[in-house]
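Okay, so here's the structure we're looking at.
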2 protein chains.
Amino acid sequence: MSTAAATRRGVPEASVARLPVYLRALAALADEGTESVSSEELAAAAGVSSAKLRKDLSHLGSYGVRGVGYDVERLASEIATALGLTQDWPVAIVGMGNLGRALAAYRGFAERGFRVIALLDRDPRVVGERVSGSRVRPMADLAALVEGEGLAIGVIATPPESAQEACDALVAAGVRSVLNFAPVVLTVPDAVVVRKVDLSTELQILAFHGQRLAVAEAVAP
Amino acid sequence: MSTAAATRRGVPEASVARLPVYLRALAALADEGTESVSSEELAAAAGVSSAKLRKDLSHLGSYGVRGVGYDVERLASEIATALGLTQDWPVAIVGMGNLGRALAAYRGFAERGFRVIALLDRDPRVVGERVSGSRVRPMADLAALVEGEGLAIGVIATPPESAQEACDALVAAGVRSVLNFAPVVLTVPDAVVVRKVDLSTELQILAFHGQRLAVAEAVAP
DNA sequence: ATATGTGAAATTATTCACAGCT
DNA sequence: AGCTGTGAATAATTTCACATAT
């Protein structure tokens, strides 16, 4: 099986979710001038076991050298290719409340190669306002953004009540990838991929573990 | 095995991660006055299969009625208890950059019962400033916050370079639960639980799937 | 000598399908 | 008659351990 085939055919979801972490660790190593790295070292930097790292990388192809390790630049480039980061992924942020404005000001998108090409809001009182140097656009512009500018990823930063509506508008315009910050479950066609970022879910999971720790300590201090 | 024992002994991690979603769906049902719900309905609202929902709930105990379904209030209360949400979880946010300020202004913490009791920054020029009605405090205050106010959860909103330092300070002060927004892997002792929220990782996962979809469509449009 | 890549084993998670209870 | 709770079956993921390549 060729590398390209391996990439297109299934890379397990759990592996995909870790590739960005490896990529970041590799970028840090490259920054400090490291040229070669072993699976043990890279795994430590990424916070996983070396066996897991090697298994993950094996789904992309065979880019290491036995007895030596991995070339940092090469591996970073292969992971970036597997993730599809060699192409452009124009992003639009929908919902210009507190969160939307914070995201619009966030530099992390651009740093990772995601170009924010539009900020949108459904409220006519917000449309036209300048946020982080861009004019806020109406939802009706979505179709043109997909057609004309290749808009590929929609970020939903609306209040929960309007998140599904925002999502429907994105999907209707042809967006196939959605990052949802609203604390609701979105309904989308099969062809659309949704990822969720949810603060309060994370806090609740922490509460669960915090409670477990407290109980464990009470039993065996 | 008693319910309490079931809760304390392992609820699978994958189930724990879904409990907050069920809780939110139940809250929405309660809001609209629904008193009883079947696993099928609740599962649909939470975006999972009914078998998965029932299996997840079975780890908490047996709170449904065969042939009938679940009492919405009761189930919500049981899940809240399992998650440890009946107790107070004081939160501190470390790092008063853009993200830290956005988080400080975010109402979602309080709505879910997480009380933000302190905002901190290591920069003396920021300490003392007022953010969202609170005075920003120095890192040296952490120990007193844990001792005196029961600080339990630390939110790291610093730049990546200082995230480990912030984390170390939290852990040294006695915080056992950390929510990390900085795009770095944190090193902590076993007794500390870290959850990560990472925008660019999520975007990269979307890019991977977007690429897959594009390829699939090219092959079979 | 050393570190990768990978089958095989072990563990964890999901789905199936139905017995058991209301 | 209907819906939960759960063993059993299946699938996914992780870990082990070593043959293989340099």
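Values reported hereafter were calculated over all heavy atoms of this structure, with side chains retained and with hydrogens, waters and symmetry mates removed. We name chains A, B, ... by the order of the sequence lines, and we start the count at 1 in each one.
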Taking OP1 and OP2 of C/dA3, is either one under 4.0 Å from a side-chain nitrogen or oxygen of A/Y63?
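Checking A/Y63 against C/dA3: no side-chain N or O falls below 4.0 Å of OP1 or OP2.
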
Sub-4.0 Å heavy-atom contacts from residues 34-42 of chain A onto DNA chain C, ordered by number:
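DNA chain C contact set from residues 34-42 of chain A: A/S38, A/S39.
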
Show every salt bridge (charged side-chain N to carboxylate O under 4.0 Å, His left out) that has at least one partner inside [range], sequence neighbours left out.
| range | result |
| --- | --- |
| residues 86-97 of chain B | B/D88-B/R115 |
| residues 92-104 of chain B | B/R101-B/E129 |
| residues 171-195 of chain A | A/E13-A/R195, A/R176-B/E217, A/R195-B/E202 |

Identify the pairs formed between an N or O of the protein and an N or O of nucleotides 19-22 of chain C at a distance under 3.5 Å, and give each distance.
unit_1 : atom_1 : unit_2 : atom_2 : d
C/dG20 : N3     : B/R66  : NH1    : 3.2
C/dT22 : O4'    : B/R66  : O      : 3.4

Sequence neighbours excluded, which residues qualify as salt bridge (Lys or Arg N to Asp or Glu O under 4.0 Å) partners of B/K55?
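Salt bridge (Lys or Arg N to Asp or Glu O under 4.0 Å) check on B/K55 returns nothing, list empty.
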
Can you list everything that forms a side chain to side chain donor-acceptor pair (under 3.5 Å) with A/D56? Sequence neighbours excluded, please.
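Testing A/D56 for side chain to side chain donor-acceptor pair (under 3.5 Å), a comparison that skips the adjacent residues, returns A/S15, A/R18, A/Y22.
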
Check side chain to side chain donor-acceptor pair (under 3.5 Å) between B/D168 and all other residues, then give those that pass, not counting sequence neighbours.
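Counting only residues at least two positions away or on another chain, B/D168 forms a side chain to side chain donor-acceptor pair (under 3.5 Å) with B/Q164.
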
Nearest whole angstrom, please: distance from the P of D/dT4 to the CG of B/D71.
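To the nearest whole Å, that distance equals 13 Å.
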
Tell me the interatomic distance from B/Y22, atom OH, to D/dT4, atom P, rounded to whole angstroms.
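In whole Å, D/dT4 P and B/Y22 OH are 13 Å from each other.
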
State which residues pass side chain to side chain contact (heavy atoms under 4.5 Å, CB included) with [X]; sequence neighbours excluded, sorted by chain then number.
| X | answer |
| --- | --- |
| B/V188 | B/C167, B/V171, B/V192, B/V194 |
| A/E149 | A/I117, A/R137, A/L145 |
| A/A44 | none |

Side-chain ion pair, B/R112 and A/D198, N-O less than 4.0 Å:
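Not counted as a salt bridge, because no side-chain N and carboxylate O are separated by less than 4.0 Å.
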
Distances under 3.5 Å between protein N/O atoms and the N/O atoms of nucleotides 15-18 of chain C, please, pair by pair.
unit_1 : atom_1 : unit_2 : atom_2 : d
C/dA17 : N6     : B/R54  : NH2    : 3.4

